[in-house]
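Single-structure report; data block below.
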Amino acid sequence: MNETLRLYYDNPYLTEFTAQVIAVAKRNSHPALALDRSAFYPEGGGQPADRGWLSATTAPHRWEVVDVQSDNGTVWHLLAGSDSWPEGGMAVTGQIDWERRFDHMQQHCGQHILTAAFIATCNAPTVSFHLSERSVTIDLAVNELSEAQVRAAEAWANTAVWRNLPVQARFVSPDELDRIPLRKPPAVSNNVRVVSIGDIDHSACGGTHPARSGEVGAIAVLGWSRQRGMIRVEFVCGRRVIAALHERDAATRAAAATLSVGWAELPTAVSRLQETQQALQRELAQTQRELDALRAAQWYAQTPESNGRRIVTATLPTATIERLRTIANFIAELPGGIAIIAGGEERVQVVVACHPDTAVDARDVLAAGMVVLGGRGGGQARLAQGGGGQPAALAAAIAAMRERASHG
Ligand SMILES: [Zn+2]
């Protein structure tokens with residue numbers, strides 16, 4: 001198979017070209033065309049494939065290019081499902097989705113610059129790079145990275161962008177290669193393509209780059225985090241900086257409008273809101289405790305005494321286990337008080353508490369209920385708790401516990 005002449009090497013701004021179909025095949029269940037020459041960038045080196053269209057030069061037919069892959073020097077153009085396949089030898093006109101390509105050129109070239117910046121400002125080398133539809137990441141071979149270091153590298157990178165340095169890509173001879181201070185050794189040994197950005201970065205790279213660094217526009221670091229012993233830095237360049245700003249601005253404005261403040265006052269307003277919420281929560285817990293004490297006393301008073309015992313049973317489906325315990329304890333502090341309090345919405349929870357003068361062991365009472373319920377539990381003579389089993393058996397379990405408590 002002949003190699004495809006890659007037109008983007010010489011001219012990354014070429015958006016239209018003519019070529020001949022040298023092979024037709026099915027790849028990844030798409031009709032695919034190999035061309036003798038192409039301006040389409042095939043996926044590789046961390047840069048995604050181009051998209052675009054191919055048209056038959058002599059017939060009114062246009063195919064959408066949905067992926068571009070390189071295979072042993074041949075560039076394959078994968079087409080959207082098609083009922084009319086192009087033929088071998090046919091002449092086609094290619095058209096690149098330029099908006100997508102230029103975005104990739106901005107992100108990719110921005111990555112060269114930011115990588116150089118991290119080396120220059122804090123000696124942190126990039127070990128891998130990933131460019132996706134939304135964001136760009138580089139992994140730095142360092143354990144720590146402070147905000148000050150990130151901002152220093154970002155400032156260095158943007159200065160390099162605004163110096164509008166020439167970006168040159170060329171194939172070099174082995175002799176010439178020896179004299180170029182490459183950032184890292186090339187992956188291939190012959191026919192190495194070197195991309196130089198002014199005097200700040202020289203890399204072996206087969207990707208597409210703008211002619212000058214100024215076209216990257218701006219570089220903004222959005223975040224960084226630990227990732228498998230390295231630091232992953234997420235950033236955006238060019239048009240994506242504006243998109244990221246708009247996205248954050250929309251979220252900030254929505255939050256500020258909800259709190260009726262300006263965006264700059266958001267941090268203060270949010271901490272104030274949090275303080276208020278915490279105070280209210282404390283107040284609510286205190287009020288609930290007081291209410292539970294009153295409720296416990298009322299239930300106790302309404303329960304007839306028998307054999308020196310007042311057995312209070314209650315079900316509070318939405319109460320937490322802490323509240324069930326609090327209420328049970330309030331009841332068991334009163335003379336003759338025995339509390340059997342159940343709760344839990346999906347999983348049944350039961351607390352049993354007994355005043356010492358009743359001579360009833362809370363564990364025995366609980367056990368009588370757990371047998372019926374099919375649950376498990378344990379505790380002390382004065383306070384025991386358990387749960388699980390069949391929620392449908394709760395009423396029968398409470399009846400069994402009451403029975404056990406009155407005769408124990
Ligand atoms: Zn590159």
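Along the sequence shown, residues are numbered consecutively beginning with 1. Numbering of ligands and ligand atoms starts at 1, following listing order. Since we're looking at a predicted model, the values are computed, not measured.
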### Message
Would you call the rings of Y8 and Y41 parallel, tilted or perpendicular, taking 30° and 60° as the class edges?
### Response
perpendicular

### Query
Near the Zn ion (ligand 1), which protein N/O/S atoms fall under 2.8 Å?
H108 NE2, H112 NE2, C205 SG, H209 NE2

### Query
Taking the inter-plane angle between the rings of H112 and H108 on a 0 to 90° scale, is it parallel (under 30°), tilted (30 to 60°) or perpendicular (over 60°)?
perpendicular

### Query
Any chance the rings of H77 and F40 have centres within less than 6.0 Å?
yes

### Task
Decide, yes or no, whether a salt bridge links D103 with R100 under the criterion of side-chain N to carboxylate O below 4.0 Å.
no

### Task
Could you tell me whether a side-chain N or O of N158 sits under 3.5 Å from a main-chain N or O of I219, the two making a donor and an acceptor?
yes

### Task
Please check if atom CD in E133 has more than 12 non-hydrogen atoms from other residues, nucleotides or ligands closer than 6.0 Å.
no

